[in-house]
J.: 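My questions will all concern the structure given below.
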Amino acid sequence: MKTTKALYFWIIAVSFFAGLVLAQYYLKQRGSDLIPGAGGEFTLQAASGPVSLSDYRGKVVAIYFGYMSCPDICPTSLWNLTEAVKQLPPEQARQVQPVFISVDPERDSPEALSIFVKGYSDNFVGLTDTKPNIDKVARQYSVIYEKVPLKDSAMGYVMDHTSVIYLVDRRGVLQYYVPHDTPPNSINADLRKLLAG
Amino acid sequence: MKYLALIWLLLSQAVLADAAQNVVIDKPFARAAMQQQKNSAAFMQIINQGQPAAIVNARSSVSEIVELHTHINDNGVMRMRKIPQIDLPHGQMVKLKPGGLHVMFIKLKRDLNVGDMIDVTLVFDDGSEKALELPVHKVMMKHKGMSGHGKKMMHH
Ligand SMILES: [Cu+2]
């Protein structure tokens, strides 16, 4: 009888701690992990008109969500991606489509975006849309973003956002999730894998 | 007596030196910004060899407004925030770097092209100022052998 009680105690104790560890793990992964089946088709607005992910079938697509007023996080990511593509042989580089999606349509017009992205590379595409449409794509790709008013700052407001480069294969399937601060050579290695596939 | 006067002079110099004189700035640079980019940032490494001090303001001719900012990485969500000052403890290196503390240029009046030199003046809590000339760089991550790759998606 005594041993059964002890056994129960240990089962409860062990499950409790396992639960704690799992919860901790789950919380840590928030905003840095993708749900299975994330990604998929979308249509957003470019200066030239609507653009869909499926327009780039046959190419590897690299997608980054950010905003033009971002002075640091977004430019670093966009340069890392641009450099990763530049490290490819030219005929392979042409098969990579970089896409910047602005989560700040209040400030970033499709026209301004089309100029902005050309600062990185000639074939970079800049997209945005109404908030509901951006929200839908953000949910699909598990992007977290939030408009935050900044009192006392001339910024007025900032867009807090996850900083991830999403790599989509030639069939339009999201394959890689590249965390912030990943250097160009690592992104380049992932691009090569998708280009070979 | 002569030596005493000299020692006194040296000591008083050290004590009277203001924050701007005690602070050594290393590797300052600003991030390139063009093509409709309205904002940018400057970064540097700072060592304060004197009494604890703080940067409380900054100015530059390149933008309408200059603010002191930091980034908080909240579980992968990047949150940029204005801060009232950047503390400079004695003898410690304070790094303003991409993804962290920065001098923020808001409403740029001109493009910042790679190779340009631009002006930034730091204002310290004792009122002293330090004028800097910084080069404009294109900023990206350095090659790090150990750093991780993209995470592979799991597909069913
Ligand atoms: Cu800032």
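Chain A is the first sequence line, chain B the second, and so forth, proteins listed ahead of strands; every chain is numbered from 1. These numbers were taken from a predicted model, which means no experiment stands behind them.
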J.: Looking only at heavy atoms and a cut-off of under 4.5 Å, which of B/A41, B/A32, B/P98, B/A33 has the most pairs with chain A?
T.: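 Heavy-atom pairs under 4.5 Å are most numerous for B/P98.
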J.: Any side-chain heavy atom of B/R31 sitting closer than 4.5 Å to one from A/T76?
T.: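 Yes, at least one pair of side-chain atoms sits under 4.5 Å.
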J.: What part of A/Y157 lies closer than 4.5 angstrom to a heavy atom of chain B: side chain, backbone, both or neither?
T.: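 Neither part; nothing is under 4.5 Å.
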J.: What residue, out of B/N73, B/I72, B/N39, has the most heavy-atom pairs lying under 4.5 Å from chain A?
T.: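 Highest number of heavy-atom pairs under 4.5 Å: B/N39.
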J.: Are B/L122 and B/M93 linked, directly or through intermediate hydrophobic residues, by side-chain heavy-atom contacts shorter than 4.5 Å (ILVMFWY only)?
T.: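 Result: no, two separate clusters.
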J.: When clusters are formed by joining ILVMFWY residues with side-chain heavy atoms under 4.5 Å apart, either directly or through shared neighbours, do B/L101 and B/V120 land in the same one?
T.: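 They do share one cluster, since a chain of ILVMFWY contacts under 4.5 Å joins B/L101 to B/V120.
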J.: Where on A/D108 is there a heavy atom nearer than 4.5 Å to chain B: the side chain, the backbone, both, or neither?
T.: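 Neither part.
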J.: Looking at chain A, which one of B/H71, B/M34, B/K38 has the largest number of heavy-atom pairs inside 4.5 Å, strictly under?
T.: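 Most heavy-atom pairs within the cutoff with chain A belong to B/H71.
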J.: Taking B/Q37 for its side chain and A/P71 for its backbone only, find out whether a donor-acceptor pair lies under 3.5 Å.
T.: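 Side chain of B/Q37 to backbone of A/P71, a donor-acceptor pair under 3.5 Å: no, none is there.
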J.: Shared ILVMFWY cluster between A/L53 and A/V125, side chains joined below 4.5 angstrom?
T.: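 As far as the 4.5 Å side-chain criterion goes, A/V125 and A/L53 are connected within one cluster.
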J.: Side chain from CB out, backbone as N, CA, C, O: work out which of these in A/Y120 comes under 4.5 Å of a heavy atom of chain B, or both, or neither.
T.: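 Only the side chain of A/Y120 comes within 4.5 Å of chain B.
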J.: Of the backbone (N, CA, C, O) and the side chain (C-beta and beyond), which part of B/F105 lies under 4.5 Å from a heavy atom of chain A, both, or neither?
T.: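 Interface part for B/F105: neither.
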J.: Do other residues, nucleotides or ligands put more than 12 heavy atoms under 6.0 Å from the NZ atom of A/K136?
T.: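 Incorrect, the count does not exceed 12.
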J.: Would you compute the distance between atom CE of A/M155 and atom CD1 of B/I65 and round it to the nearest 0.5 angstrom?
T.: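 The distance works out to 10.5 Å.
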J.: Testing A/D160, A/D72, A/I73 one by one against B/M78 for a side-chain contact (heavy atoms from CB on, under 4.5 Å), which residue passes?
T.: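 For B/M78, the side-chain contact (heavy atoms from CB on, under 4.5 Å) test succeeds with only one of A/D160, A/D72, A/I73, which is A/I73.
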J.: Nearest 0.5 angstrom please: B/D74 CG to A/I144 CD1, how far?
T.: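 That separation rounds to 8.5 Å.
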J.: Would you find a donor on one side and an acceptor on the other, under 3.5 Å apart, between the side chain of B/K82 and the backbone of A/L150?
T.: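 No, B/K82 side chain to A/L150 backbone: no donor-acceptor pair under 3.5 Å.
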J.: Can you check whether anything in residues 52-62 of chain B gets within less than 4.5 Å of chain A, heavy-atom wise, and list it by number?
T.: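 The stretch does not come within 4.5 Å of chain A.
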J.: Would you say that more than 12 heavy atoms from the other residues, nucleotides or ligands in this model lie under 6.0 Å from the CD of A/E146, or not?
T.: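 Count over threshold, so yes.
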J.: Do A/S153 and B/R81 get their side chains close enough for a donor-acceptor pair, meaning under 3.5 Å?
T.: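 Looking only at side-chain atoms, B/R81 and A/S153 do not form any donor-acceptor pair under 3.5 Å.
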J.: Give a yes or no on whether B/K97 atom NZ has more than 12 heavy-atom contacts from other residues, nucleotides or ligands under 6.0 Å away.
T.: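 Count not over threshold, so no.
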J.: Check the hydrophobic clustering (I, L, V, M, F, W, Y; side-chain heavy atoms under 4.5 Å; chains of links allowed) and say if B/V103 and B/V24 are grouped together.
T.: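 Different hydrophobic clusters.
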J.: Side chain from CB out, backbone as N, CA, C, O: work out which of these in A/V117 comes under 4.5 Å of a heavy atom of chain B, or both, or neither.
T.: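 Neither part; nothing is under 4.5 Å.
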J.: Would you call B/I106 and A/S69 a side-chain contact if the rule is heavy atoms closer than 4.5 Å?
T.: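 No, too far: nothing below the 4.5 Å cut-off.
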J.: Is B/L88 reachable from B/I83 through a run of I, L, V, M, F, W or Y residues, each pair having side-chain heavy atoms under 4.5 Å apart?
T.: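 Linked, B/I83 and B/L88 end up in one cluster.
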